Number of protein chains: 2
Amino acid sequence: MSGNGGDRGRVATIFDVARVAGVSHQTVSRVLNDLPNVRPATRERVVEAIAELRYVPSQAARALVTRRSRTIGLVATGLPDFGPASTVRAVNESARDAGYAVITMSLAGAEVPSLRSAAEMLIRQAVEAIVLVVDERAALRAFDGWELGVPLVAVASANRDRALRVAIDQYRGARAAVSHLLDLGHRDIRHIAGPAGSMDAEERLRGWQESLVEAEAPLTEPLRGDWSPDSGFRAGQRLLADGVPGAVFVASDQMAVGLLHALATAGLRVPEDVSVVGFDDIPEAAHLSPPLTTLRQDFVGLGQDAMAAVLAILQDDQSPRYPEPRLPQLILRSSTRPV
Amino acid sequence: MSGNGGDRGRVATIFDVARVAGVSHQTVSRVLNDLPNVRPATRERVVEAIAELRYVPSQAARALVTRRSRTIGLVATGLPDFGPASTVRAVNESARDAGYAVITMSLAGAEVPSLRSAAEMLIRQAVEAIVLVVDERAALRAFDGWELGVPLVAVASANRDRALRVAIDQYRGARAAVSHLLDLGHRDIRHIAGPAGSMDAEERLRGWQESLVEAEAPLTEPLRGDWSPDSGFRAGQRLLADGVPGAVFVASDQMAVGLLHALATAGLRVPEDVSVVGFDDIPEAAHLSPPLTTLRQDFVGLGQDAMAAVLAILQDDQSPRYPEPRLPQLILRSSTRPV
DNA sequence: GGGTGGGGATCGGGGAGCAAG
DNA sequence: ACTTGCTCCCCGATCCCCACC
């Protein structure tokens, strides 16, 4: 059912188009590249010939001579969670709008060797830039002092870094979460953090700590999860072993799902017994029991920022300025209440 | 801080490597392509020269002459939900293991024009095959009778189709869900389906209907959602307007989250008043209240099947056989109970 | 002088043919 | 027989120079 088109696999070249259109290959090239000095009628004939032959210019040949692949690379680590997946998607769409194709390398872990080999594979594919969507600080370090030969844009919330970087301000988001609880009169606010080594987790943890210190509220040991609901559940159980806190700031909505489960299992009500604030605003957040108060992140905007940065570098080659981090937005629902 | 390596942008070619290694470019090429008849000592010198010059073969030049880009295309539609995102990820990893780079085109909608232009962009990039990760039947039809020139593998659950296709058996999964409820003694089993036009939704709907018919249980009008928790919540409200059913089979866990919310809001308990079965087994499912009984799909295995099919075609060029659809697995938790 | 054609170099490798160590 | 080098063409575009109308 799949006729080979009869051409025995041979595809049309620019010369075939020229012959059919009755012009020179030179003129076809002018049309292809939108160069001036082509009479409309001539252009028309060329366009028709292209359609008739179903001619597709060889990207390889063009890339060879122009030294531009019209392609960028994307390295993503971790699980395909809602946030990163949305950001990756947005980078993809923005890139396409700008005429770039995106080659994606997704890695389960963030080991330096696999990161490097992924990047090398991208370099071999002649990508013009690489976008990193990573959360692990170690993943970023894999690129430290490594001259790739192409610009690198990191989507990462490291608080100090010389590399070009776009981010959402996790620190201020966390402060907003804790402020909200403080404003409600809570003092014993515990924290379920993300995994050690996660830049987002560290920034949120720092925001939580500093807010408590400034408010002179008691500082406790944070619990650790790995972003998964399972880990949130287990952290919740460990947390309850220390007694019932007035409020918990959870570093992600997914972990909050697990925490809510642990609280319910222990016979505790939210928000009557415990107030809970999450982070991310995943689509499920509004429908948990109770609906979760959380911090919304603009993952799509983040991806767009990343691609905008890439385009800026590709054009000017200078300008190490990057956009201000976006601010998460507090979404009030029903999982918190005054003391 | 980004020294240009001193080479003024010029990169090493195969001839540079040959000169440094003191051999001919011919020999370098032999080494690069693992051809026989190269003395180990010579190979060694070449490898060293490559490392010293940080030489990277030009993929463009190689593709030009070999007519192989070592690249495959991936078109994905819809939101970056857990299932599709996991599958896409798995395709990426399997491809990398096989030495292929993946160019991804993600589309929010599934309109024919954007699908076609995405595919054309992939063709221009000279991909050797295209993988479709789509749910909308219309998206599949955009490729009907269109001779792309490259093999196409669809990850889609259409029940009748001549294209090469890998899938999870949605129909049988739905039957397992309904059987479970039937076995518990339920007779009035309602269904919250996915959006019209979704192949997965149609298959699950069909499984629900046929199971009920065979069991001579009452058939009702299914509700419709769009996979989102919000839509599940609204469908739940509409459903309750008809009265309280004994059980509900929801076409996705995400929508089940919304349904649980609607039921709780109405003062109904799960499973005491209503039994609920979901579909997908998202990571949150085990921690909802109550923990959700659902059908687990092997999204990663699905992605691997897709890539395996691609490789099979790329090698053989024949063999329109494809793997048997995988079966979803019933995961029993606490959202169902006997009448 | 705007529109067009012809010829040829070039990009960076793959590979054939043949000679030679 | 095995290993290696040389020379030259090829892939399919871009682009430059120059001529022509």
Side-chain angles (χ1 to χ4, degrees), chain A residues 7-47 49-50 53-71 99 123-128 149, chain B residues 7-50 53-71 123-128 149:
Chain A
D7 284 70
R8 270 262 155 265
R10 235 191 107 304
V11 274
T13 74
I14 199 172
F15 293 95
D16 299 323
V17 175
R19 190 169 25 73
V20 170
V23 300
S24 71
H25 79 281
Q26 188 59 282
T27 301
V28 177
S29 180
R30 287 178 179 126
V31 170
L32 287 175
N33 297 290
D34 272 317
L35 296 180
N37 296 349
V38 177
R39 202 183 308 154
T42 311
R43 163 167 274 123
E44 184 63 24
R45 273 162 45 220
V46 171
V47 170
I50 288 176
L53 296 176
R54 309 183 87 237
Y55 165 71
V56 177
S58 157
Q59 179 59 36
R62 170 179 275 159
L64 186 56
V65 57
T66 61
R67 298 164 172 291
R68 302 207 49 192
S69 64
R70 304 298 290 177
T71 287
I123 296 293
R124 251 193 304 278
Q125 291 287 341
V127 298
E128 295 180 28
Chain B
D7 285 72
R8 270 263 156 261
R10 236 189 110 301
V11 274
T13 75
I14 198 171
F15 294 95
D16 299 323
V17 175
R19 190 169 26 73
V20 171
V23 299
S24 73
H25 83 278
Q26 189 60 279
T27 301
V28 177
S29 180
R30 286 176 180 131
V31 171
L32 285 175
N33 297 290
D34 272 317
L35 295 181
N37 297 347
V38 177
R39 200 183 309 152
T42 311
R43 162 168 275 121
E44 184 63 25
R45 275 169 34 226
V46 171
V47 170
E48 276 169 18
I50 289 176
L53 295 176
R54 311 183 84 236
Y55 165 70
V56 177
S58 157
Q59 180 59 36
R62 172 179 272 157
L64 185 56
V65 58
T66 62
R67 299 161 172 291
R68 302 207 50 191
S69 64
R70 304 297 293 176
T71 287
I123 295 293
R124 250 192 305 277
Q125 292 287 340
V127 298
E128 295 180 29

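In what follows, every chain begins at residue 1, and chains take the letters A, B, ... in the order their sequences are listed. Quick caveat: nothing in here was measured; it's all calculated off a predicted structure.
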(request) Would you mind telling me which of dG13(C), dC11(D), dC6(D) lies closest to the side-chain atoms of Arg67(B)? (result) dC11(D)
Listing time: all N or O pairs from protein to nucleotides 18-21 of chain D that are below 3.5 Å?
none

(request) Report the distance from atom CG of Asn33(B) to atom CZ of Arg62(B), rounding to the nearest 0.5 Å. (result) 5.0 Å
(request) May I have the distance from Arg19(A) (atom CZ) to dG6(C) (atom C1'), rounded to whole angstrom? (result) 17 Å
(request) Return the value, rounded to whole Å, for the distance between atom CG of Leu35(B) and atom C1' of dA16(C). (result) 13 Å
(message) Nearest 0.5 angstrom please: Gln26(A) CD to Leu35(A) CG, how far?
(response) 9.0 Å
(message) Checking contacts here: which listed nucleotide (dG12(C), dA13(D), dT3(D)) is nearest the side-chain heavy atoms of Ile14(A)?
(response) dA13(D)
(message) With a cut-off of less than 4.0 Å, is there a side-chain N or O of Ser29(B) near OP1 or OP2 of dG14(C)?
(response) yes
(request) Establish, with yes or no, whether the OP1 or OP2 oxygen of dG3(C) is under 4.0 angstrom from a side-chain nitrogen or oxygen of Arg39(A). (result) no
(message) Distance check, rounded to the nearest 0.5 Å: Thr27(A) atom OG1 versus Leu32(A) atom CG?
(response) 11.0 Å
(request) Using the closest heavy atom to pick a nucleotide of DNA chain D for each, name whichever of Val23(B) or Leu64(B) lands nearer the 5' end. (result) Val23(B)
(request) State whether Thr27(A) places a side-chain N or O below 4.0 Å from either non-bridging phosphate oxygen (OP1 or OP2) of dG5(C). (result) yes
(request) For side chain to side chain contact (heavy atoms under 4.5 Å, CB included), just list the numbers for Ile123(B) and Arg54(A), CA-CA rounded to whole Å, side-chain angles, deciding distance to a tenth of an Å, and then say yes or no. (result) CA-CA 11 Å; Ile123(B) 295 293; Arg54(A) 309 183 87 237; over 6 Å; no
(request) From the options dC2(D), dG5(D), dG13(C), select the nucleotide whose nearest atom is closest to the side chain of Val65(B). (result) dG13(C)
(request) Kindly say if Asn37(A) contacts the phosphate of dT4(C), meaning a side-chain N or O under 4.0 Å from OP1 or OP2. (result) no
(message) Does Pro57(B) reach a base, just sugar-phosphate, or nothing at all? Heavy atoms under 4.0 Å.
(response) sugar-phosphate
(message) Between the base of dG6(C) and the side chain of Gln26(A), is one N or O donor paired with an acceptor at under 3.5 angstrom?
(response) yes
(message) Name the residue from Val11(A), Val17(A), Val46(A) that meets the side chain to side chain contact (heavy atoms under 4.5 Å, CB included) definition with Tyr55(A).
(response) Val17(A)
(message) From C-beta outward on Ser58(B), which listed nucleotide comes closest to its side chain: dG12(C), dT4(D), dG6(C)?
(response) dG12(C)
(message) It should be established whether Arg62(B) places a side-chain nitrogen or oxygen under 4.0 Å from OP1 or OP2 of nucleotide dG13(C).
(response) no
(message) What is the separation between atom CZ on Arg70(A) and atom P on dA13(D), rounded to the nearest whole Å?
(response) 17 Å
(message) As an exercise, state the distance from OG of Ser58(A) to CZ of Arg67(B), rounded to the nearest 0.5 Å.
(response) 8.5 Å
(request) For Pro36(A) and for Ala61(B), find the nucleotide of DNA chain C with the closest heavy atom, then tell me which residue's nucleotide is more 5'. (result) Pro36(A)
(request) Please state how far atom CZ in Arg45(A) lies from atom P in dG3(C), giving the value in whole angstrom units. (result) 15 Å
(request) Assign Val56(B) to base, sugar-phosphate, or nothing according to its heavy-atom contacts below 4.0 angstrom with the strands shown. (result) sugar-phosphate
(request) Take the protein atom CZ of Arg43(A) and the nucleotide atom P of dG5(C), then report the distance between them rounded to whole Å. (result) 13 Å
(message) Can you measure Asp34(A) atom CG to dT14(D) atom P for me and round it to whole angstrom units?
(response) 12 Å
(request) Calculate the interatomic distance between Leu32(A) atom CG and dC15(D) atom C1'; express it in whole Å. (result) 14 Å
(message) As an exercise, state the distance from CD of Gln125(B) to CD of Gln59(A), rounded to the nearest 0.5 Å.
(response) 4.5 Å
(request) Please state how far atom CG in Asp16(A) lies from atom P in dA13(D), giving the value in whole angstrom units. (result) 9 Å
(request) Check whether the side chain of His25(B) and the base of dG12(C) form a donor-acceptor pair under 3.5 Å. (result) no
(message) If you compare all heavy atoms of Ala18(B) against all heavy atoms of His25(B), which two are closest, and at what distance to 0.1 Å?
(response) CB-N, 3.6 Å
